[in-house]
Each structure stands twice: as structure tokens, then as C-alpha cells.
Amino acid sequence: MKTLSTKNIVERIKGVFDYDSAKTEPSPYRDWMFLVVGLFVLLILSAGVGVYLFIAISDGEVFASHALSESEETALSIEDIGDLEEIYKAKEATLVELLTTPPPRMSDPSQ
């Protein structure tokens, strides 16, 4: 029975990336080692992203809202609301007109 040592594990990991065609026969040990190494890489990456997000959220960088200066603040005026009302009344009139007019009669081209 083989014992696992760091040298043996390192050699197996190096064997995964060896592209010699004579050594690339199917091996379940190599495949499992590739999956385990990939899992640990993903685990380390996800832990790093988690720590980064934790620090960013605790510092308030992620959900920060910047206050608008006086020149950037906008408010609706009565005139603006009146203009919007006119636009929507025109759209409503167009819709009513389209709904009340009969569709055009088309002759069947196959006859």
C-alpha cells in the first residue's frame, strides 16, 4: 500500500500537467488528483472573494451612496408635470383612434 507524502503528492500534481503522449493513458488516480486540486483552487478563490466582500461591506464601500450636490439635484416642476400629462393624453387619443377605426380590407392575393 502506498503512503502519501508531500513529495509523492507534488509528483502526482506535476504528472497531471505532463503532456507526454506516452504517459497519457487513462488513470483514475490522475483524474481524481485533478479534481481534488481543482476543488482546492476553487475553494481558495471563493474564500478570497468572500473575505474581500466581507471587508468591503464592513467598510461601507459596496453599498455607498454619494450625496448629490446642489447642481445635480433635480426636482419636477408643475410645468414638467403638465408637459407629461399632455404627452400621455396625446398617446391616449391616438390609441382610441386606432381602436375605433376599422381595419383596412385586404383582398386575398391567392384568388
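Position 1 is the first residue of the sequence, and the numbers go up from there. Atom set for the values below is all heavy atoms of this structure, side chains included, hydrogens, waters and symmetry mates excluded. The shown structure was predicted, so the numbers you read here are calculated from the model rather than taken from an experiment.
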Engineer: Below 4.5 Å, heavy atoms only, C-beta onward: do I55 and D59 meet side chain to side chain?
Structural biologist: yes

Engineer: With side chains defined as the heavy atoms from C-beta onward, is the minimum distance between W32 and L35 less than 4.5 Å?
Structural biologist: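 A side-chain contact exists here, since the closest heavy-atom pair is under 4.5 Å.
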
Engineer: Looking at E92, E85, E86, which one forms a salt bridge (Lys or Arg N to Asp or Glu O under 4.0 Å) with K89?
Structural biologist: E85

Engineer: Starting at CG of D83, measure out to CD1 of I78 and round the result to the nearest 0.5 Å.
Structural biologist: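 So the gap between those two atoms works out to 11.5 Å.
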
Engineer: Nearest 0.5 Å please: distance from the CZ atom of F34 over to the CG atom of L39.
Structural biologist: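 So the CZ of F34 and the CG of L39 are separated by 12.0 Å.
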
Engineer: Side chains of V49 and L53, heavy atoms from C-beta outward: is any pair under 4.5 Å?
Structural biologist: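 SC-SC contact between V49 and L53 confirmed.
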
Engineer: What residue among L42, V37, L43 forms side chain to side chain contact (heavy atoms under 4.5 Å, CB included) with F40?
Structural biologist: L43

